[in-house]
Amino acid sequence: MDSAPAAAAGGVCVCTYVFAVIGVVCSAYVALSCLRFVCRLVKVYALSRPLHLYADLSKMGSWAVVTGATDGIGKQYALQLAEQGLNIVLIGRSPEKLKATESEVRMRSNVQVKTVVVDYSGGREIYDDVERELAGLEIGVLVNNVGMCYAWMFDEFLDVERDLHLRMLNVNMMSCVAMTYIVLPQMVERKRGLVINIASLAGVVPIPFMATYSATKAFVCFFSRILEQEYEEKGIQFQVVTPGFVSTNMTSQIDVNAWCVTAETYVRSAIATVGLQSRTAGYLMHELMVAGFQLSSERALCKELKNEMIKFKAKHCKSE
């Protein structure tokens with residue numbers, strides 16, 4: 001007569017045991033994932049530079065091409081790649097700024113420098129001239145950095161002129177595709193090369209009031225990840241870099257703090273991730289921001305970001 005209650009009790013014990021095992025496995029998985037994340041951060045951001053764990057970029061080829069090379073992140077890539085012994089092709093739209101950057105590169109490093117004047121907001125017709133200018137150079141590194149945002153950092157979609165949206169598509173997306181198409185064939189032929197595509201934190205999570213900019217940077221992220229898969233067996237490395245706030249002209253030289261660094265500091269950190277991460281935030285605090293965003297509900301995160309943007313705009317307008 002006691003067999004039924006005993007069987008039920010046995011079933012409860014079995015279920016309790018199963019759920020306990022599942023709990024232990026899940027906890028172990030979470031703990032292991034956290035440990036791997038911390039170890040990766042230590043390796044990339046603490047040990048990479050002093051132990052020189054990152055890729056030797058001078059072995060990729062004798063020249064590096066940097067678009068948007070006269071300010072901010074692009075200029076720092078040019079300066080710091082030159083420090084590693086790479087000859088530099090500076091591409092930008094301002095002849096005066098190109099000349100000033102060329103002088104700075106030559107002053108700091110004993111390398112060859114070539115300048116190319118290009119306005120990437122133009123259509124496909126500009127790329128024939130770019131291809132001619134790059135012909136015959138052994139290009140080992142391409143940094144697709146050129147980009148543009150709204151005249152005022154955050155705006156509703158219809159508050160921005162249509163032509164600016166279209167120019168942004170040309171600068172942020174077409175330039176990335178066209179420059180890669182020009183440079184990649186010779187890299188494939190030599191079976192080595194590196195393409196660094198500068199995206200943005202806005203390409204990792206959709207940010208309200210930055211609709212077109214955020215969408216173009218998401219394109220850059222996917223473009224890089226796909227080409228990484230297509231060409232890794234041919235010896236070509238692709239890296240997409242997703243910076244948060246960096247104090248540059250594009251961000252109106254916002255104040256430097258723990259989360260916002262100078263372009264020089266940022267690029268020095270980002271270069272040390274090459275060969276270790278194909279997708280990187282480039283800087284420790286930005287990496288933590290990305291991790292936090294990825295753990296959040298996208299809908300809740302977008303709502304919170306929207307509210308913060310509204311507050312930011314209200315504060316800015318009031319101060320003006």
Side-chain angles (χ1 to χ4, degrees), residues 67-68 71-74 93 119-124 126-127 142-181 195-230 238-246 248-252 254 266 270 278-282 286-287 289-313:
T67 68
D71 286 303
I73 290 175
R93 64 178 179 172
D119 183 353
Y120 280 110
S121 65
R124 68 166 306 280
I126 68 175
Y127 293 99
L142 168 64
V143 182
N144 283 316
N145 166 75
V146 66
M148 66 177 292
C149 194
Y150 304 137
W152 197 86
M153 284 177 64
F154 313 111
D155 270 312
E156 289 186 10
F157 181 76
L158 291 179
D159 289 341
V160 178
E161 294 182 1
R162 179 179 60 186
D163 285 349
L164 192 147
H165 285 296
L166 298 179
R167 291 200 306 274
M168 197 178 300
L169 298 182
N170 286 345
V171 174
N172 294 0
M173 294 195 302
M174 187 189 293
S175 69
C176 190
V177 174
M179 291 301 300
T180 302
Y181 198 89
V195 179
I196 299 174
N197 291 321
I198 309 300
S200 169
L201 184 62
V204 178
V205 58
I207 297 185
F209 303 112
M210 299 182 77
T212 302
Y213 178 79
S214 188
T216 60
K217 292 305 183 178
F219 169 86
V220 173
C221 290
F222 274 90
F223 179 69
S224 298
R225 291 166 61 182
I226 292 166
L227 291 187
E228 176 194 357
Q229 295 299 318
E230 291 184 11
F238 282 85
Q239 184 188 57
V240 59
V241 184
T242 55
F245 278 116
V246 179
T248 66
N249 289 340
M250 183 179 285
T251 59
S252 304
I254 56 178
Y266 181 81
S278 60
R279 285 177 272 170
T280 182
H286 295 183
E287 199 78 61
M289 288 173 67
V290 171
F293 287 164
Q294 290 175 336
L295 290 173
S296 305
S297 159
E298 183 175 296
R299 183 176 179 83
L301 178 61
C302 287
K303 186 175 181 179
E304 181 63 27
L305 287 171
K306 177 182 176 180
N307 292 335
E308 289 301 317
M309 296 299 182
I310 291 172
K311 292 177 186 176
F312 186 90
K313 290 182 69 175

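These values consider heavy atoms only, across backbone and side chains, with no hydrogens, waters or symmetry-generated copies.
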Taking ring-ring contact (aromatic ring centres under 6.0 Å, His included) as the definition, give me every residue that meets it alongside Phe238, ordered by chain and number, with sequence neighbours left out.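 Residues passing ring-ring contact (aromatic ring centres under 6.0 Å, His included) with Phe238: none at all.
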
Nearest-0.5 Å distance that lies between atom [atom1] in [X] and atom [atom2] in [Y]:
X: Lys306; Y: Ile207; atom1: NZ; atom2: CD1; result: 14.5 Å
X: Cys176; Y: Asn170; atom1: SG; atom2: CG; result: 13.0 Å
X: Phe157; Y: Arg162; atom1: CZ; atom2: CZ; result: 10.5 Å
X: Arg167; Y: Glu161; atom1: CZ; atom2: CD; result: 7.5 Å
X: Ser121; Y: Leu164; atom1: OG; atom2: CG; result: 9.5 Å

When you measure from the side chain of [X] to the backbone N and O of [Y], does any donor-acceptor pair fall under 3.5 Å?
X: Asn145; Y: Gly68; value: yes
X: Thr216; Y: Met173; value: no
X: Lys217; Y: Ile198; value: yes

Determine the interplanar angle of the His165 and Tyr150 rings, folded into 0 to 90°, and report it as parallel if under 30°, tilted if 30 to 60°, perpendicular if over 60°.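 Because their plane-to-plane angle is over 60°, the rings of His165 and Tyr150 count as perpendicular.
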
Nearest non-hydrogen partners of [X] and [Y], listed with the distance:
X: Ala199; Y: Val240; value: CB-CG2, 3.8 Å
X: Ala281; Y: Tyr266; value: O-OH, 2.6 Å
X: Met148; Y: Tyr213; value: O-CD1, 3.3 Å
X: Ser214; Y: Pro206; value: OG-CA, 3.7 Å
X: Asn172; Y: Gly147; value: OD1-CA, 3.1 Å

Could you check whether any side-chain heavy atom of [X] comes within less than 4.5 Å of a side-chain heavy atom of [Y], counting everything from C-beta outward?
X: Arg93; Y: Tyr120; answer: no
X: Thr67; Y: Ser175; answer: no
X: Phe219; Y: Leu169; answer: no
X: Arg279; Y: Thr242; answer: no
X: Asn197; Y: Phe223; answer: yes

Distance-only side-chain donor-acceptor flag, Asp71 / Thr248, under 3.5 Å: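 Thr248 and Asp71 do not have a side-chain donor-acceptor pair below 3.5 Å.
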
When you measure from the centre of the six-membered ring of Phe222, is the NZ or CZ of Arg225 closer than 6.0 Å and no more than 45° off the axis?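 Yes, a cation-pi geometry.
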
Kindly determine whether His286 and Val246 satisfy side chain to side chain contact (heavy atoms under 4.5 Å, CB included), including the steps that lead there. CA-CA 10 Å; His286 295 183; Val246 179; 4.0 Å; yes

I'd like to know whether Met179 forms a side chain to side chain contact (heavy atoms under 4.5 Å, CB included) with Val195, so could you lay out the CA-CA distance, the side-chain angles of the two residues, the decisive distance to 0.1 Å, and finally the verdict. CA-CA 10 Å; Met179 291 301 300; Val195 179; over 6 Å; no

For the pair Met174 and Tyr127, evaluate side chain to side chain contact (heavy atoms under 4.5 Å, CB included) and give the outcome as yes or no after the intermediate values. CA-CA 10 Å; Met174 187 189 293; Tyr127 293 99; 3.9 Å; yes

Walk me through whether Thr180 and Leu227 qualify under side chain to side chain contact (heavy atoms under 4.5 Å, CB included). CA-CA 10 Å; Thr180 302; Leu227 291 187; 3.9 Å; yes

